[in-house]
Amino acid sequence: MNGNHEEVNIEGLLRADRIPHIWCPGCGLGSVLRSFLSALIKSELPLDKVAVVSGIGCTGRTAGYVKLDSFHTTHGRAIPFATGLKLANPELKVIVFSGDGDLSSIGGNHLIHAARRNMDMTIICVNNFTYGMTGGQAAPTTPLNARTSTTPYGNYEIPFNIPYLIAAAGAVYVSRWTAMHVRRLEKSIIEAIHKKGFSFVEAIAPCPTQYGRKNRQATGLTQMNYYRDNSIINHGADPRDVGIELNGPINVGKFVDIDRATFSDLQADILDKAFPPESKPQTETTRT
Amino acid sequence: MKYWRKPLDQDKVKPVHGRIHLLPERCKGCGFCVKFCPRDVLEESERVNKKGYHLIDAVREDECVACGLCEAICPDFAISVTTEDEMESTSV
Ligand SMILES: Cc1ncc(C[n+]2csc(CCOP(=O)(O)OP(=O)(O)O)c2C)c(N)n1
Ligand code: SF4
Ligand code: SF4
Ligand code: SF4
């Protein structure tokens, strides 16, 4: 950090041999990734204790671009992989960086159950309202009436309001920003990283190639302008009120920040009662 | 009656100027930096890189206050800013 600007040098956390990345011109994924890496440096966590897990999709490519311990899992399975990683090695800070389709569609069950158990991990969900990588099909996040390659007359499926879903399932930290809010997004990721339990940051990002072009926002820049003109900062908003309509306002901010026992806290409590420390069998699950 | 005043430290605080650095092989000409720079420092140029993307130029670099927003928002890790102080300290 230097001068009067807040930028930290993130180059050391990128696999330089793989840059330029494959993401399209105007895709917001790079901006979100930069906010994440910058947040990670500012969080001052020991980087050898950080693991990044991604699923499949354009967003999922992230695991291959970061010079950290990272794993590119199969489609939808970033959270189960991350859960195993965390339980086997509790001192790791496990961060899942993946797409809305990967996390809330094929991975939807894993998502709600990890939130319910309050697994100690941070999820960064990049929501571009579509399946970018496979040709822009409708996702569970696609707004009503939006055009996608599988909804050429307009989408008639009611989408998930992801913050509401995650909050209802039990997450202790839930926020939403866009790729345009680079500073606030970064700050929120730092908070989420430091939060104990299941923390969730939704980052709305342009996918001009597969989503914007079909919905009168032909470039990444038009999408970013839309975020700038239509975002409403609404900290503490009731998550049930932050659903997104096609080209409508986007509520951003921190919606949930509560404390609740984590899976590992409760596991230790209950197993310590069942097996008081002196009689405790030396197994992997009871060792703390 | 005057409703404004001179900041007490006006002669001590020197405005910070930034220098812009572009990695041409990374830029994809998305225009995020041009659009969101608060000082209107950057512009799309006629120059293109190997892939045919229009590169950007710091046409009003003297106006740059080194806020770092262009660096933070660039999705391609292509642009960065240094302050004059940093330039001096790295050149010694
Ligand atoms: C089991 C399985 N089913 C389907 C696919 C095809 N597939 C690859 S990426 C993807 C969607 C990704 O969407 P999202 O997570 O929103 O990421 P984006 O590409 O938009 O960043 C799908 C359906 C797959 N790779 N594996
Ligand atoms: S298809 Fe969409 S999400 Fe994928 S790289 Fe291109 S703009 Fe980004
Ligand atoms: S934001 Fe980055 S990629 Fe986009 S035009 Fe500026 S320097 Fe190029
Ligand atoms: S550092 Fe700030 S003022 Fe300078 S060019 Fe970048 S965005 Fe503009």
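As the structure is a computational prediction, the values presented were derived from the model and not from experiment. In what follows, chains carry the letters A, B, and so on, assigned in the order in which the sequence lines appear, proteins first and then strands, with residues in each chain numbered from 1.
Taken to the nearest 0.5 Å, the CD1 atom of B:Ile73 stands 4.0 Å off from the CE atom of A:Met224. The distance from atom CZ of B:Phe32 to atom CG of A:Leu221, rounded to the nearest 0.5 Å, is 6.5 Å. Put simply, CD on A:Glu7 and SG on B:Cys67 are 8.0 Å apart, with the number rounded to the nearest 0.5 Å. Atoms CD1 and CD, from A:Ile10 and B:Glu71 in turn, are 8.0 Å apart once rounded to the nearest 0.5 Å.
Scanning all heavy atoms of the two residues, the minimum distance from A:Pro20 to B:Arg26 falls at CG-CA, 4.3 Å. Among all heavy-atom pairs drawn from B:Asp76 and A:His21, the shortest one is OD1-CE1, 2.9 Å. The nearest pair of heavy atoms linking A:Ser31 to B:Cys74 is OG-C, 4.1 Å.
Residues B:Pro75 and A:Trp23 are not in side-chain contact: their nearest non-hydrogen atoms beyond the backbone lie 4.5 Å or more apart.
Using a distance-only test at 3.5 Å, with no hydrogens or angles considered, no donor-acceptor pair links the side chain of B:Lys28 to the main chain of A:Cys27. No donor-acceptor pair under 3.5 Å is formed between the side chain of A:Arg228 and the backbone N or O of B:Phe36.
Contacts of A:Glu11 with chain B are made by side-chain atoms alone, with heavy-atom separations under 4.5 Å and no backbone atom involved. Contact annotation for A:Leu29: neither backbone nor side-chain heavy atoms come within less than 4.5 Å of a heavy atom of chain B. In this structure, chain B has no heavy atom under 4.5 Å from any part of A:Ala205. Heavy-atom distances place no part of B:Leu23 under 4.5 Å from chain A, backbone and side chain included.
More than 12 heavy atoms of other residues, nucleotides or ligands sit less than 6.0 Å from atom NZ of A:Lys195. Enclosure of atom CZ in B:Arg60 by more than 12 non-hydrogen atoms of other residues, nucleotides or ligands within 6.0 angstrom is indicated.
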Verdict with supporting geometry, A:Met180 and B:Lys35, side-chain contact (heavy atoms from CB on, under 4.5 Å): CA-CA 11 Å; A:Met180 197 271 312; B:Lys35 176 74 196 188; over 6 Å; no

